[in-house]
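Each remark here refers to the structure printed beneath this line.
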Amino acid sequence: DAGVTQSPTHLIKTRGQQVTLRCSPKSGHDTVSWYQQALGQGPQFIFQYYEEEERQRGNFPDRFSGHQFPNYSSELNVNALLLGDSALYLCASSPTGTQKLFFGSGTQLSVL
Amino acid sequence: EDQVTQSPEALRLQEGESSSLNCSYTVSGLRGLFWYRQDPGKGPEFLFTLYSAGEEKEKERLKATLTKKESFLHITAPKPEDSATYLCAVQATSGTYKYIFGTGTRLKVLA
């Protein structure tokens, strides 16, 4: 049983560019959350998707957007990249009715 | 404002030297408190969920406890493979789905 898979594993972009990160949830999970983890910090909640809708959003600007597809996979898009967007981006999935999150290994984004 | 504070930031132990990690939290109403382990370059791996004061959970050399204001992760006779960052997170009851994480405790166990 595959866990949460994220792609790509690493990405280097320059300021002002746009990026798309992808996530496939664990089998049987219908809820996907995205977190940003800066170096030496704990993960920060970006948003959560359920039934293809954004259910809750954290304190992130509109440059951060997402999507969930009918097969429950998800994308995180970041526009107009800033140096401060450099971080590990984590996707987590969970089945309906549970609070336990299963995390992927993340995408390490470097903005130069 | 909901908040999680972990201490110490870093901890070095000799193999077999037991210790405890602390997680203090402020939340409007606690839906659950979670402990995760994170290895370098990896995503957090679930360890425990605690729901109410007085609750305890154990797994191998780890034991998590919960009071109304803090949680402890006790590590008994640690081994080098227990070296990792341990993250604490809370989820509030106020209709929210997000986890609020602390900054973690970096544990290094020396052979």
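Naming convention: chains lettered A, B, ... in sequence-line order (proteins, then strands); numbering from 1 in each chain. Just so you know, these numbers come straight off a predicted model, no measurement behind them.
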ask   = In terms of hydrophobic clustering (I, L, V, M, F, W, Y; side-chain heavy atoms under 4.5 Å; direct or indirect links), are A:L11 and A:L76 co-clustered?
value = yes
inquiry  = Tell me whether B:R106 at atom CZ has more than 12 heavy atoms from other residues, nucleotides or ligands lying less than 6.0 Å away.
reply    = no
query = Given that the side chain runs from C-beta out, which part of A:Q37 has a heavy atom under 4.5 Å from chain B: side chain, backbone, both or neither?
reply = side chain
ask   = Quick one: what part of A:Q48 sits under 4.5 Å from any heavy atom of chain B, side chain, backbone, both or neither?
value = side chain
key: Residues in residues 53-65 of chain B that sit under 4.5 Å from chain A, counting heavy atoms only   = none
task = Nearest 0.5 Å please: distance from the NZ atom of B:K98 over to the CZ atom of A:R55.
result = 14.5 Å
ask   = More than 12 foreign heavy atoms under 6.0 Å from CG of A:L112: is that the case here?
value = yes
ask   = Who pairs with A:E51 by side-chain contact (heavy atoms from CB on, under 4.5 Å), at least two apart in sequence or on another chain?
value = none
Exercise: identify the closest heavy-atom pair between B:L87 and A:P43 = CD1-CD, 4.0 Å
Smallest separation among heavy atoms of A:K100 and B:Y99, with atom names = CA-OH, 3.6 Å
Path from B:L66 to B:L21 over hydrophobic side-chain contacts below 4.5 Å = yes
key: ILVMFWY network linking B:V4 to A:F45, side-chain heavy atoms under 4.5 angstrom   = no
task = With a 4.5 Å heavy-atom cut-off (strictly below), which parts of residues 24-49 of chain B touch chain A? List them by number.
result = B:R31, B:G32, B:F34, B:Y36, B:Q38, B:G41, B:K42, B:G43, B:P44, B:F46
request  = Answer with side chain, backbone, both or neither: which region of A:I46 has an atom nearer than 4.5 Å to a non-hydrogen atom of chain B?
outcome  = neither
request  = With sequence neighbours excluded, tell me which residues meet salt bridge (Lys or Arg N to Asp or Glu O under 4.0 Å) with B:E70.
outcome  = none
query = Do A:L88 and A:V4 share a hydrophobic cluster (ILVMFWY, side-chain heavy atoms under 4.5 Å, transitive)?
reply = no
request  = I would like to know whether A:Y35 and B:F101 meet side-chain contact (heavy atoms from CB on, under 4.5 Å); could you show each step before the answer?
outcome  = CA-CA 10 Å; A:Y35 285 78; B:F101 280 88; 3.9 Å; yes
query = Would one find more than 12 heavy atoms of other residues, nucleotides or ligands at under 6.0 Å from atom CD of A:Q36?
reply = yes
ask   = Would A:W34 and A:F64 show up in the same hydrophobic cluster when neighbours are defined by side-chain heavy atoms closer than 4.5 Å?
value = yes
